[in-house]
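Read the numbers this way: they start at 1 and go in the same order the structure lists the ligands and their atoms.
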Amino acid sequence: MYTNRIIACLNARFLTAAAALACVACAYAEESAAPSAEAALRDALPGIFAKAAAHYKALDAAATPLMHGGKNGAAQYPHGMRGGRLDMRGISGWTCGHYAGSLWLLFEATGDEFFKERATAWTELLAPNSKLITTHDLGFMMYCSFGNARRLLKTDKYDAVLLETAASLSKRYNPALGLIRSWGKVDETKNFLVIPDNMMNLELLEWAARAKGGEKRFHEIAVSHANVTMRNHFRADGGTYHVLNYSQVDGRVQEIRRGQGASCFTAWSRGQSWAIYGFTMMHRETRDADYLGFAQTLADFAMNHANMPADGIPFWDYGAPGEERDSSAGAIMASALLELADLVPAEKRARYRDFAVKQLTTLASPEYFSAGAENGHWLLKHGVGAKPMNSEIDTPLNYGDYYFLEALLRFRNSLKK
Ligand code: GLY
């Protein structure tokens with residue numbers, strides 16, 4: 001009985017996240033001796049997935065007619081909103097795999113064949129990206145799309161495209177530095193730019209090293225990149241720099257750039273979340289204890305930061321209190337923390353899991369989870385793309401939705417264990 005009341009709480013419009021949590025707690029206090037945010041989120045999950053599925057059916061009805069609406073009929077995919085309209089981008093954009101990926105995750109969440117059919121169409125559109133050597137974002141682009149297709153359809157028919165993608169990504173690796181170049185041309189000599197987001201590409205390489213027809217060097221590249229990043233890319237307190245520029249002459253860091261962050265002295269929130277996620281994933285893939293310890297240091301920096309709001313959704317930079325929140329940073333971090341909670345020793349589990357549950361409860365509240373056609377049917381409001389570039393401020397972002405859905409699924413799957 002209390003389930004319906006909690007779903008009603010989470011769906012109620014104009015309720016703040018804190019009020020939603022209090023409301024959830026109230027419902028339990030009346031009818032349960034052990035009210036818990038975890039139980040409330042568990043009971044709300046079917047309603048959250050049903051609402052997300054309805055949103056994405058409407059979103060896909062708007063996006064599908066635009067699928068080949070680029071210049072000269074070029075393929076394009078939905079990224080977010082711009083000027084009140086759906087923002088469609090060319091398929092070499094870094095977020096091209098997240099839309100297809102969200103459709104796969106909704107197929108996983110609901111079993112609805114509609115999502116399988118649409119996810120397949122949007123995924124296969126991205127195949128030409130396997131040859132790209134102009135970007136490091138190939139993990140996002142291809143593993144969120146083809147990787148989920150492979151996993152959920154239990155098929156190897158996409159393995160060739162994924163292996164070709166891993167080989168393309170590896171062309172950006174510099175063996176002398178031990179790093180994959182993030183930004184810039186593959187043969188640029190003056191700058192060698194690396195960002196923590198790059199950690200997210202390593203999952204593709206780890207898969208490719210194990211796959212039939214894959215190569216061991218993909219694992220060696222992933223480990224080297226993670227190790228050098230761990231050594232250089234973070235301050236003593238566990239906060240991340242955004243952009244490091246390495247010298248290709250002697251391997252030292254020749255420049256620190258603020259990139260999408262507020263300054264060189266603060267931590268850009270999404271970069272911090274990418275790093276927590278990336279080192280947690282690398283521990284899962286390699287079982288290297290250093291990665292697990294480091295992921296905890298990075299997570300503790302974020303969770304304990306004086307500027308972390310009580311509801312768990314960070315401001316867009318840890319040095320920008322009172323400015324816009326970034327829902328995507330919260331969603332990525334929640335997904336990472338749920339995995340981290342399952343990897344740390346038992347006595348530390350609740351620390352990371354409870355924080356992730358708090359973040360998901362906030363994101364599922366009306367403050368963040370769009371109602372109806374508001375927000376063009378994207379799920380999450382209040383994402384920040386790149387504030388210093390005055391780009392995408394307080395807006396939906398397709399990758400925010402992707403990691404929100406992934407975190408909800410990780411939470412649901414953990415209940416079965
Ligand atoms: N990888 C780019 C971003 O997170 O904005």
Side-chain angles (χ1 to χ4, degrees), residues 77-82 87 89-99 101-102 126 129 132 134-145 165 169 172 179-184 193-204 225-226 229 233-234 239-245 257-263 266-279 281 298 302 313-318 320 323-336 378 380 382-404 406-407:
Y77 70 93
H79 165 87
M81 298 295 281
R82 195 186 341 214
D87 183 5
R89 301 208 170 172
I91 62 161
S92 59
W94 77 274
T95 67
C96 68
H98 290 112
Y99 181 71
S102 290
L126 307 179
N129 287 335
L132 284 184
T134 47
T135 175
H136 76 136
D137 287 316
L138 291 167
F140 287 127
M141 296 158 75
M142 304 299 268
Y143 207 63
C144 296
S145 51
T165 307
L169 177 59
R172 296 182 68 80
L179 287 164
I180 300 167
R181 185 195 294 267
S182 293
W183 294 341
L193 305 176
V194 180
I195 58 177
D197 325 27
N198 207 338
M199 289 296 301
M200 300 295 287
N201 296 307
L202 307 183
E203 191 170 9
L204 165 71
H225 183 88
T229 298
H233 219 111
F234 304 88
T240 187
Y241 300 108
H242 189 202
V243 189
L244 293 188
N245 186 2
R257 298 187 188 175
R258 75 169 183 176
Q260 283 156 260
S263 77
T266 58
W268 174 51
S269 299
R270 192 161 60 253
Q272 192 73 26
S273 295
W274 293 139
I276 299 167
Y277 191 117
F279 282 98
M281 175 274 296
L298 302 176
I313 307 306
F315 297 103
W316 70 276
D317 188 290
Y318 286 95
E323 297 188 19
E324 293 83 2
R325 309 286 194 95
D326 178 13
S327 55
S328 75
I332 297 157
M333 184 172 160
S335 190
W378 294 100
L380 291 184
H382 310 314
V384 174
K387 187 160 181 192
M389 292 84 200
N390 201 23
S391 170
E392 302 186 308
I393 301 166
D394 195 12
T395 192
L397 298 163
N398 68 2
Y399 48 94
D401 284 10
Y402 177 88
Y403 292 100
F404 179 49
E406 183 186 76

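- Under the 4.0 Å criterion applied to side-chain N and carboxylate O atoms, Arg89 and Glu392 are assigned as salt-bridge partners.
- Nearest protein neighbour of atom 2 (C) of ligand 1, counting heavy atoms only, is Asp197 OD2, 3.2 Å.
- Between Tyr277 and Glu406, the side chains place a donor N or O and an acceptor N or O closer than 3.5 Å (distance only, hydrogens not considered).
- Residue-ligand proximity, Gln260 to ligand 1, at heavy-atom distances under 4.0 Å covers atoms 3 (C), 5 (O).
- Counting only heavy atoms of the protein, atom 5 (O) of ligand 1 lies nearest to Arg270 NH2, 2.6 Å.
- Contact between Trp268 and ligand 1 is present, with at least one heavy atom of the residue lying under 4.0 Å from the ligand.
- Between Phe279 and Phe234, the angle of the ring planes goes over 60°, which puts this pair in the perpendicular group of the 30/60° scheme.
- Put simply, the side chain of Trp268 reaches to within 4.5 Å of the side chain of Asp197, judged on heavy atoms.
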